[in-house]
Amino acid sequence: MALELDHVFICCARGAPEGDALVRLGILEGSPNTHPGQGTANRRFFFRNAYLELLWVSDPVEARSEQTRRTRLWDRWSGRMSGACPFGLIFRADGAGTAEAPFATWAYRPGYLPPGLAIEFAEDVPLEEPALAWLPFLHRAGPPAHEPTDHSLPMRELCGVTANLPSADLSLPSQAVRSAGLVDYRPGTRYLLELSFLAMKEVAFDLRPELPLLLRGVVTGAGLSSC
């Protein structure tokens, strides 16, 4: 069974005031979340098949603890203004059953997950590329029922993700997710995450400078990262 995108995150300032730009644009905000023991918190914006997470470190001690350190969330968040890529791409199985990631992983078992469950982080992804992980225990096809998705913008279903990176050289895990059609990478002078949505007409909304994010509506699409 293959993987599909569950959510993306962007490292933001404490409280993610950058998210106000999405609200002004007409994207409805969902419920926030905290990660006890991991030292992070977020604001979330849901779509029919994925969601956008604006993530920040709320407790530096927890984020740098022995349990959490290897995730490099602290390094990615604290270094987002000095060369670290602020993005993360989190995947799930595309249906019921078992799946395998196209990259080698290590198991992260934070205290906020039930015993026996783990987040599988990709090995050997440099800080200059988006973090990669997958959730073996998750099989949902859409957001929780109580989360809003009827945004005033014509953007409901995500169909493509592209990350612009300053370096054209990709690690083996990033090459693997690109080859699997899960995400595309392009060279660029600055980090930029482009999310493409199925829409009735071609539109684009550039959230810079508040967020390194471009929302694009496209008329046709045949699957994630291939709109």
Side-chain angles (χ1 to χ4, degrees), residues 1-12 19 22 27 30 33 40 42-55 71 73 76 85-105 108 117-122 125 129-144 147-149 151 153 155-165 170-186 191-199 205 207 211-218 220-227:
M1 184 140 326
L3 300 186
E4 62 185 8
L5 191 72
D6 183 71
H7 66 278
V8 301
F9 72 72
I10 302 177
C11 292
C12 293
L22 288 164
I27 303 295
N33 200 10
T40 58
N42 63 32
R43 295 174 70 177
R44 298 185 295 177
F45 299 82
F46 290 85
F47 304 94
R48 288 177 180 170
N49 59 340
Y51 70 92
L52 170 63
E53 176 184 17
L54 303 186
L55 184 75
T71 67
L73 291 172
R76 200 170 286 281
C85 179
F87 310 140
L89 308 172
I90 315 299
F91 304 97
R92 63 178 182 244
D94 66 359
T98 59
E100 291 186 4
F103 43 74
T105 65
Y108 171 53
L117 300 187
I119 301 170
E120 297 289 336
F121 271 84
V125 177
E129 297 173 13
L132 301 172
W134 83 288
L135 309 173
F137 53 85
L138 191 63
H139 302 287
R140 68 177 179 230
E147 300 293 357
T149 58
H151 313 294
L153 291 182
M155 295 182 175
R156 303 287 189 274
E157 185 173 347
L158 187 70
C159 66
V161 179
T162 300
N164 287 10
L165 308 178
L170 293 176
S171 66
L172 291 177
S174 294
Q175 291 180 44
V177 293
R178 183 178 62 180
S179 296
L182 295 169
V183 62
D184 195 13
Y185 295 98
R186 295 175 186 161
Y191 292 118
L192 177 66
L193 191 65
E194 182 176 322
L195 303 182
S196 297
F197 297 84
L198 299 179
F205 301 94
L207 277 295
L211 279 168
L213 178 65
L214 180 69
L215 303 179
R216 187 181 298 279
V218 296
T220 61
L224 202 59
S225 79
S226 60
C227 295

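The OG1 atom of Thr105 sits 11.0 Å away from atom CZ of Phe121, with the distance rounded to the nearest 0.5 Å. A distance of 9.0 Å separates CD of Glu53 from CZ of Phe46, quoted to the nearest 0.5 Å. In this structure, CG in Leu192 is found 7.5 Å from CG in Leu213, a value given to the nearest 0.5 Å. The distance from atom CD of Glu194 to atom CG of Asn164, rounded to the nearest 0.5 Å, is 7.0 Å. A distance of 8.0 Å separates CH2 in Trp134 from CD in Glu100, rounded to the nearest 0.5 Å. To the nearest 0.5 Å, atoms CG (Asp94) and CG (Leu5) are separated by 12.5 Å.
Judged by distance alone, with hydrogens and angles left aside, the side-chain atoms of Glu129 form a donor-acceptor pair with the main-chain N or O of Ser171 at under 3.5 Å. Side-chain N or O atoms of Gln175 include one that pairs as donor or acceptor with a backbone N or O of Leu170 at under 3.5 Å. Between the side chain of Asn49 and the main chain of Glu157, no donor-acceptor pair closer than 3.5 Å is present. In this structure a side-chain-to-backbone donor-acceptor pair under 3.5 Å is missing from Arg92 to Glu4.
Shortest non-hydrogen contact noted between Ala176 and Pro102 is CB-O, 3.2 Å. Shown here for Cys159 and Leu198, the closest heavy-atom pair between the two residues is SG-CD2, 3.8 Å. Listed here is the closest heavy atom pair of Ala122 and Phe103: CB-CD1, 3.4 Å. Between Ala133 and Ile119 the shortest heavy-atom distance is CB-CG2, 4.0 Å. Nearest heavy-atom pair, Leu153 versus Phe205, reported as atom, atom and distance to 0.1 Å: CD2-CZ, 3.6 Å. Here the closest non-hydrogen pair linking Pro136 and Ala118 is CD-O, 3.4 Å.
At least one side-chain heavy atom of Leu165 sits less than 4.5 Å from a side-chain heavy atom of Tyr191. Considering only heavy atoms from C-beta on, Cys12 comes within 4.5 Å of Leu211 through its side chain. His151 places a side-chain heavy atom less than 4.5 Å from the side chain of Phe47. In this structure the side chain of Phe9 never reaches within 4.5 angstrom of the side chain of Asn42, judged on heavy atoms. The shortest side-chain heavy-atom distance between Leu52 and Leu22 falls under the 4.5 Å cut-off. You'll find the side chain of Ile10 reaches within 4.5 Å of the side chain of Pro212, heavy atoms only.
Remark: of the listed residues Leu3, Leu117, Asp6, Asp6 is the sole one forming a side chain to side chain contact (heavy atoms under 4.5 Å, CB included) with Leu135.
Taking the six-membered ring where the residue is Trp, His7 and Tyr51 present parallel rings, their angle staying beneath 30° rather than reaching 60°.
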side-chain contact (heavy atoms from CB on, under 4.5 Å) assessment of Arg216 paired with Leu195: CA-CA 6 Å; Arg216 187 181 298 279; Leu195 303 182; over 6 Å; no
Test side-chain contact (heavy atoms from CB on, under 4.5 Å) applied to Val8 and Leu89, step by step: CA-CA 5 Å; Val8 301; Leu89 308 172; 3.6 Å; yes
